[in-house]
**Q** 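One structure coming up, written as structure tokens, with questions to follow.
Note that ligands are numbered from 1 as they come in the structure, with each ligand's atoms numbered from 1 the same way.
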Amino acid sequence: MFMLPEEVNIAFDMLTNAGFEAYIVGGCVRDFLMGTDPDDFDITTSALPFEIKEVFKDFKVIETGLKHGTVTVVIKHFHLEITTFRTESSYSDNRHPDHVHFTRSLKEDLARRDFTVNAMAYNPVVGLVDIFGGRKDLENKIIRTVGEAKERFSEDALRILRALRFASKLGFDIEENTLQAARELKESLKNVAAERVYVEFTKLLCGKNTGSVLMSCPDILGVWVPEILPMVGFKQHNFHHIYDVWEHTVKVVENVPAVPHLRLAALMHDMGKPGTFSLDDKGVGHFYGHPKISTVLAGNVLNRLKVDNETRHKVVELVRHHDTPLQADSKAIKRKLNKLGEQLFFDLIDICRGDNMGQAPEYRSRQKHLDLVEETARSIINQEECFSLKTLAVNGSDLMAVGFKPGPELGEVLKFLLELVMDSKIENSKEDLLKVAVSYCQKP
Ligand code: ATP
Ligand code: MG
């Protein structure tokens, strides 16, 4: 069950030969017990940071978080995080321990960890160390805090969100008492740094069980993203829809690939619906202009979560364009490719597919249309057809060489030529384009 990489065994041998205890701990133990291969290995040890550095003095050692007892040791290109056993005492601000104490006791180290399934350790000599019933909770698929839930959430409120994220990632239920404490203390999540919230929030959104977590806990997520609350239970009164706005949103999240920017865009694409709702005289509901409001609200959420600029740009553009019909003719597709760029264009198709999966089943034929749009776009790209100034056969210098003056007019002429090429009105050849450019500018 525990197939340890050679590098981990080397680290164990070196630490134990120097007289210290060492174990793998946390996520990797959990992964092994669940029968999946861990992505990374965390080692916990009785050695103090300076002792770890001494033991691995012949290796590359990166002082990742020396204050907290963590160093990264590089063994044959393999990065291992090695952390001294530690306890944390009194959290006066719901997020930072006032002191980190190193200890020589594994039990104390495990006791400071968040959930029973994350609080197990293993090494090949001692075997599994499971003091808090993690293995049983793993078998029963339960997320339960180590120790009293309220106390553990009061120490570090991020754990409230982590409970939801592990329920989503692992497909587990949150134990009743743990969930009740999470609800009671949810407001203290406000004290947590945005960056930490964002990390857990995106992992939650990308988990395999995100749908049921989103459906059962919008109140907790609403502490950081109150924009989702008006969507919950908001009836659409429209034949395209069999779900309320929140249920629809959750279906869309589940039906786009598990990549942070796509899941975030799916979560926020219809945030503008409650604020733009109107009923016509036939009793049919409409949400005119909702993408515009969703775009503004999504921007606010992303600012609050201090999301990096690249992700922010992608999410905002996807929300902005999610409801604009994608036509399957190649002229329209080239224009969209030009406007969005290739990657975002295909991301938008993913969002549209997911959006459609959240609608009434009788409208699913739209999937075929989207397949056709994708196919056409791929063939445009494969055949290297021109849809951007980058691949236009002339550039600014070419125009200047035939007498154009530098300035904004150059850009206008290039754009005009690109339009003609995208509409297949002329060939993308330098000779033809220059001819047209010259005659265009000689017009009275
Ligand atoms: P993943 O595979 O998704 O990274 P993980 O269990 O490794 O899961 P991390 O966030 O990397 O999760 O944390 C590593 C370990 O550190 C956890 O398993 C847990 O034991 C402990 N831990 C992390 N954050 C906290 C916290 N806020 N409070 C208590 N223990 C924590
Ligand atoms: Mg981890």
**Q** Check each of Phe132, Phe172, Phe166 against Val117 using the side-chain contact (heavy atoms from CB on, under 4.5 Å) test, and report the only one that passes.
**A** Phe172
**Q** Would you check if there is a donor-acceptor pair between the side chains of Asn177 and Gln180 at a distance under 3.5 Å?
**A** no
**Q** For residues 352-392, which residue pairs pass the ring-ring contact (aromatic ring centres under 6.0 Å, His included) check, not counting sequence neighbours?
**A** His240-Tyr363
**Q** Do the side-chain N and O atoms of Arg353 and Asn255 include a donor-acceptor pair separated by under 3.5 angstrom?
**A** no
**Q** Would Glu51 and Arg104 count as a salt bridge (Lys or Arg N to Asp or Glu O under 4.0 Å) here? Give the steps.
**A** CA-CA 13 Å; Glu51 293 168 330; Arg104 300 281 187 183; 3.1 Å; yes
**Q** Are Phe166 and ligand 1 in contact, using a heavy-atom cut-off of under 4.0 Å?
**A** yes
**Q** List every atom of ligand 1 that sits less than 4.0 Å from any heavy atom of Arg165, numbering the atoms from 1 in the order shown and giving each element.
**A** 1 (P), 3 (O), 8 (O), 10 (O), 12 (O)
**Q** When you measure from atom 7 (O) of ligand 1 to every protein heavy atom, which one gives the shortest distance, and what is it?
**A** Gly27 CA, 3.7 Å
**Q** Between Asp156 and ligand 1, which residue portion shows a heavy-atom distance shorter than 4.0 Å: side chain, backbone, both, or neither?
**A** side chain
**Q** Just by distance, do the side chain of His261 and the backbone of Thr311 share a donor-acceptor pair under 3.5 Å?
**A** no
**Q** Quick check: Tyr122 with Tyr23 (ring centres under 6.0 Å apart)?
**A** no
**Q** Identify, for atom 14 (C) of ligand 1, the protein heavy atom at the shortest distance, and state residue, atom and that distance.
**A** Asp42 OD2, 4.2 Å
**Q** Regarding Asn191 and Ser188, is there a side-chain donor-to-acceptor distance under 3.5 Å anywhere?
**A** no
**Q** May I ask whether Arg152 has any heavy atom positioned less than 4.0 angstrom from an atom of ligand 1?
**A** no
**Q** Among protein heavy atoms, which lies nearest atom 4 (O) of ligand 1, and at what distance?
**A** Lys203 NZ, 4.1 Å
**Q** So does Asn309 have more than 12 non-hydrogen atoms from other groups sitting under 6.0 Å from CG?
**A** no
**Q** Quick one: look at Phe153 and ligand 1, take heavy-atom pairs under 4.0 Å, and tell me if it's side chain, backbone, both or neither.
**A** neither
**Q** Between Glu88, Lys169, Glu81, Arg162, flag the one that comes closest to atom 1 (P) of ligand 1 by a heavy atom.
**A** Lys169
**Q** With atom 29 (C) of ligand 1 as the reference point, say which of Thr116, Asp114, Thr83, Leu161 has the nearest heavy atom.
**A** Asp114
**Q** Show which atoms of ligand 1 fall inside a sub-4.0 Å distance from at least one heavy-atom site of Gly26.
**A** 18 (O)
**Q** If you scan the protein for heavy atoms around atom 11 (O) of ligand 1, do you find one that is closer than 4.0 Å?
**A** no
**Q** Regarding atom 6 (O) of ligand 1: of the candidates Arg113, Arg159, Arg30, which has the closest heavy atom?
**A** Arg30
**Q** Quick one: which ligand 1 atoms are inside 4.0 Å of a heavy atom on Arg112?
**A** 29 (C), 30 (N)
